[in-house]
Amino acid sequence: MTVLFGQLFTGISIGAVLLLIALGLALTFGQMNVINMAHGEFIMAGAYTTYVLQQSITGAGLSLLVALPVAFVVAGTMGVLLEILLIRRLYARPLDTLLVTWGVSLMLQQLARDIFGSPNVQTRAPDLLTGNVAVPGGLTVANNRLFILALALAAVAALTLALRFTPLGRRIRAVVQNRDLAAVSGIPTTRVDRTTFFLGSGLAGLAGVALTLLGPIGPTMGTNLIIDAFLVVVVGGIGQLKGSVIVAFALGVLQATGEYLTTLSVAKVIVFVAIVAFLQWRPQGLFTLRTRSLA
Amino acid sequence: MTAVTPAPPSTAGGAPAPADIAPPSRSGDRPRLRTAAGFAFGAALLFAVAPLTLSDFRLALLAKYLCVAMVAVGIGIAWGRGGMLTLGQGVFFGLGGYAMAMHLKLADAGPGGMPDFMQLYGQLDELPVWWRPFASPWFALPATVLLPMAVAFGLGSLVFRRRVRGAYFAILSQALAAAMVILLIGQQGTTGGTNGLTDIQGFFGYDLDDPVNQRMVYFIIAGVLLGLLALARQLIHSRYGELLVAVRDSEERVRFLGYDPASVKLVAYVVAAGMAGLAGALFVPAVGIISPALIGIVPSIEFVIGVAVGGRATLLGPVLGAVAVAWARTALSERFPGTWTYLQGLLFVVVVAFLPGGLASLWALARRRDAGPERSRRGWPVLGRRRAERAEVHQ
């Protein structure tokens with residue numbers, strides 16, 4: 001029983017990391033059809049922001065708290081720049097955004113290498129987040145994992161509320177559903193695109209801060225995570241936040257269970273096979289907007 | 001969309017008027033002659049000029065580039081013609097490469113012997129079952145092509161039937177590459193792990209250290225590349241080739257005409273996989289190693305770079321682009337390691353964002369500025385198509 005709960009929690013914490021990364025993608029890929037391969041590098045930017053802040057702010061807890069908003073703005077600004085310089089021209093060619101942003105991600109990785117050096121760097125975690133919490137039932141749960149779970153859920157809640165109830169959220173949804181009609185209704189679609197991109201990229205920055213709690217920071221840290229996050233959005237259903245949430249945790253648990261029963265590498269293959277099998281059942285993802293399209 | 005003249009009633013329903021879709025080759029002998037001349041020129045370049053002018057070292061490098069070019073020919077068909085951006089060609093390249101390397105390792109070890117690394121990492125006493133068939137060249141050689149094709153068939157028939165396409169397909173193919181690399185690294189005892197299969201000495205009885213035999217490998221590679229190009233040309237200029245472009249530009253219309261777009265795409269994907277497998281198999285004797293680092297996500301995307309730079313929808317563009325990019329990497333990364341990464345990124349950004357037809361479109365633009373609808377027939381993306389694409393991803 002303890003083992004089962006232990007595995008479940010490991011799965012949920014893998015899922016929380018996935019969710020945090022996928023959330024930004026759910027906005028930029030899910031809502032706007034932009035496949036941003038540089039998203040991983042925005043995560044890296046968030047992580048390095050934490051590292052830089054820790055050089056000047058010595059208290060690990062305080063620097064982490066400051067890092068959250070700062071990383072959000074840093075990564076968000078990078079996202080807006082990318083949107084203005086390149087993606088704006090490519091909205092009609094989603095596959096090409098993938099290739100272009102991959103080129104950007106190459107350059108950003110090299111930039112990080114030139115600034116911070118190739119070797120990984122490390123941040124100090126606040127004391128509060130280094131220990132474990134004992135849960136009734138003889139189980140211990142790592143504090144940093146709990147923090148990431150809380151952060152992911154808070155981000156989901158904030159994003160859901162923002163999309164549903166704020167004027168900006170309404171505009172985003174309007175542009176996503178019918179860009180031309182939204183433009184005719186007087187919604188400044190260009191500005192909405194840019195804001196959406198700021199939010200999505202900013203969320204990547206948050207994910208970067210969270211990842212500093214789990215491991216070292218390096219120029220290629222984003223690449224390893226980005227594919228899994230894309231899969232979460234694809235399987236969850238384009239433009240559907242709740243799909244991403246469910247699928248992130250489901251894949252996390254599947255990965256953890258697979259790892260427990262077999263090995264890490266076999267678990268990855270199991271997850272991949274499960275995804276392809278799932279897409280046989282629901283090719284458009286878990287939740288889809290009903291449309292009259294042919295596919 | 002090009003202007004479509006209404007088909008006469010007699011040919012309606014699956015067979016559009018031939019005059020409208022006839023590929024350039026059928027309209028006269030001149031293009032065919034030009035292709036033949038082009039092939040002769042390419043053959044002369046590959047078989048006479050290069051071996052006579054290049055040093056052994058440079059020729060071995062060229063052999064490596066030509067292997068990358070073979071993958072590019074396949075990507076040109078699947079992506080340029082079929083619109084399927086496959087970011088996992090490294091998987092098929094790797095399957096072909098590993099199949100060949102397994103055979104060569106076993107041949108090096110001699111009858112009953114085991115590859116050196118197995119005792120080292122795995123402490124295995126006997127050969128794993130799935131290694132055994134590769135001892136026979138009659139199994140291993142066909143496997144280098146058939147194994148990748150089988151995997152592509154499996155994945156392709158699953159995803160294309162369920163109309164998984166566009167970005168979904170690209171991401172899935174990329175995930176396949178990621179999964180394969182992790183699997184290979186994880187099974188270190190039987191696959192060599194991160195190191196891969198290294199230190200390959202012989203090639204069907206010939207010693208690979210001998211420059212004469214290296215030359216022979218180069219000639220085989222050059223010959224196979226020309227063969228694949230001829231095959232690709234036949235495919236592109238056949239009825240099937242027209243159908244493939246039609247599926248790329250408007251899948252629904254093709255479906256309404258009574259064709260099955262899934263099968264059309266599947267054929268292109270499987271052919272591309274076979275070409276990548278063959279390339280991987282020939283890469284092994286040329287370079288002497290196959291490892292996860294050569295077939296993962298990054299190399300898989302790098303295969304695509306060359307194709308994009310050269311011109312995804314043309315026949316020769318992918319080949320020239322792949323060779324040029326691979327050559328530039330060697331030339332520049334030797335001298336300025338950091339700069340090359342920036343350049344590579346910049347190249348990708350500039351070409352894809354501002355010159356989607358690749359360098360081939362510059363050439364074509366210079367040659368016939370006012371070609372009009374002709375351009376779409378020759379295959380590179382047309383402005384009018386973009387709206388259709390946008391509509392598609394919103395589904």
Side-chain angles (χ1 to χ4, degrees), chain A residues 29 33 35 37 86-87 89-111 113-114 176-179 223-224 227-228 230-231 233-234 238 263-269 271-273 275-277 279-285 288-289 291 293-295, chain B residues 79 83 85 87 154-155 158-159 161-168 170-172 174-187 251-252 255 297-298 301 304-305 308 338-342 344-354 356 381 385-387 389-395:
Chain A
F29 176 43
N33 278 313
I35 309 163
M37 293 298 280
L86 286 173
I87 291 176
R89 301 163 211 278
L90 297 169
Y91 279 120
R93 296 187 279 153
L95 276 184
D96 287 354
T97 60
L98 191 160
L99 299 172
V100 167
T101 52
W102 193 73
V104 173
S105 94
L106 268 184
M107 291 191 270
L108 288 178
Q109 278 180 26
Q110 187 60 34
L111 193 67
R113 238 172 255 133
D114 287 349
V176 167
Q177 278 176 22
N178 192 330
R179 177 172 296 270
T223 326
N224 305 322
I227 311 271
D228 287 342
F230 267 119
L231 287 177
V233 182
V234 164
I238 292 288
T263 60
L264 176 101
S265 57
V266 177
K268 276 276 173 206
V269 178
V271 169
F272 179 76
V273 172
I275 286 170
V276 173
L279 288 178
Q280 296 299 301
W281 176 49
R282 297 199 79 115
Q284 308 296 318
T288 41
L289 286 173
T291 64
S293 68
L294 291 161
Chain B
W79 180 39
L85 176 53
L87 296 175
L155 182 70
L158 285 178
V159 301
R161 295 239 173 270
R162 294 302 289 163
R163 302 185 197 173
V164 173
R165 61 188 160 200
Y168 281 48
I171 288 164
L172 269 186
Q174 198 166 33
L176 180 67
M180 169 145 168
V181 165
I182 291 170
L183 189 66
L184 281 173
I185 293 177
Q187 310 299 313
E251 194 169 329
E252 302 306 342
R255 180 172 293 121
I297 292 171
V298 175
I301 296 189
V304 173
I305 298 189
T339 321
W340 166 247
T341 315
Y342 287 120
Q344 192 183 18
L346 199 66
L347 190 69
F348 220 18
V349 169
V350 170
V351 168
V352 179
F354 303 104
R385 215 180 103 229
R386 297 180 184 172
R387 282 198 76 81
E389 263 185 23
R390 169 165 227 154
E392 185 185 306
V393 279
H394 272 280
Q395 285 163 10

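Here is the naming used below: chain letters follow the sequence lines, and residue numbers restart at 1 for every chain. Predicted model, so just to flag it, every value in this text is computed and none were measured.
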ask   = For D228(A), what residues pass the salt bridge (Lys or Arg N to Asp or Glu O under 4.0 Å) criterion, not counting sequence neighbours?
value =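 Listed in chain order: K268(A).
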
Name the region of [X], side chain, backbone, both or neither, that has any atom closer than 4.5 Å to a heavy atom of chain A.
{"X": "I297(B)", "value": "side chain"}
{"X": "A170(B)", "value": "side chain"}
{"X": "V181(B)", "value": "neither"}

ask   = Can you name the nearest heavy-atom pair linking Y342(B) to L111(A), along with the distance?
value =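 For Y342(B) versus L111(A), the nearest heavy atoms are OH-CA, 3.2 Å.
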
request  = Can you see which heavy atom on A175(B) is nearest to which on L231(A), and at what distance?
outcome  =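 Minimum heavy-atom separation between A175(B) and L231(A): CB-CD1, 3.7 Å.
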
message = Using heavy-atom distances under 4.5 Å, tell me whether V276(A) contacts chain B through its side chain, its backbone, both, or neither.
response =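 Looking at V276(A), just its side chain touches chain B.
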
Interface moiety of L108(A) toward chain B, non-hydrogen atoms closer than 4.5 Å =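 For L108(A), there is no contact with chain B at all, as no heavy atom is under 4.5 Å.
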
Interatomic distance, [X] atom [atom1] to [Y] atom [atom2] [nearest 0.5 angstrom]:
{"X": "M37(A)", "Y": "Q174(B)", "atom1": "CE", "atom2": "CD", "answer": "4.0 Å"}
{"X": "L279(A)", "Y": "L158(B)", "atom1": "CG", "atom2": "CG", "answer": "10.0 Å"}
{"X": "L183(B)", "Y": "S265(A)", "atom1": "CG", "atom2": "OG", "answer": "5.5 Å"}
{"X": "Y168(B)", "Y": "I35(A)", "atom1": "OH", "atom2": "CD1", "answer": "10.5 Å"}
{"X": "D114(A)", "Y": "T341(B)", "atom1": "CG", "atom2": "OG1", "answer": "8.5 Å"}
{"X": "F354(B)", "Y": "D96(A)", "atom1": "CZ", "atom2": "CG", "answer": "12.0 Å"}

ask   = Would you say the side-chain atoms of R93(A) pair up with the backbone N or O of V352(B), donor to acceptor, closer than 3.5 Å?
value =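 At least one qualifying donor-acceptor pair exists.
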
message = Between Q280(A) (side chain only) and R162(B) (backbone N and O only), is there a donor and an acceptor less than 3.5 Å apart?
response =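 Not at all, since once roles are kept as given, no pair shorter than 3.5 Å links the two residues.
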
message = For chain A, which candidate among V159(B), L155(B), L176(B), V164(B) shows the most heavy-atom pairs at distances under 4.5 Å?
response =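 Heavy-atom pairs under 4.5 Å are most numerous for L176(B).
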
query = How would you list, by chain and number, every residue that makes a ring pair (Phe, Tyr, Trp, His ring centres under 6.0 Å) with W79(B), sequence neighbours excluded?
reply =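 W79(B) satisfies ring pair (Phe, Tyr, Trp, His ring centres under 6.0 Å) with no other residue.
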
request  = Answer whether the closest heavy-atom distance between the side chains of I171(B) and V233(A) falls below 4.5 Å.
outcome  =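 With C-beta onward as the side chain, the pair stays apart.
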
key: Min side-chain heavy-atom separation L172(B)-F272(A) under 4.5 Å   =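 Yes, their side chains come closer than 4.5 Å.
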
Residue among [options] with most heavy-atom pairs under 4.5 Å to chain B:
{"options": "T97(A), V271(A), V100(A)", "value": "V100(A)"}
{"options": "L106(A), L99(A), V234(A)", "value": "L99(A)"}
{"options": "W102(A), W281(A), F230(A)", "value": "W102(A)"}

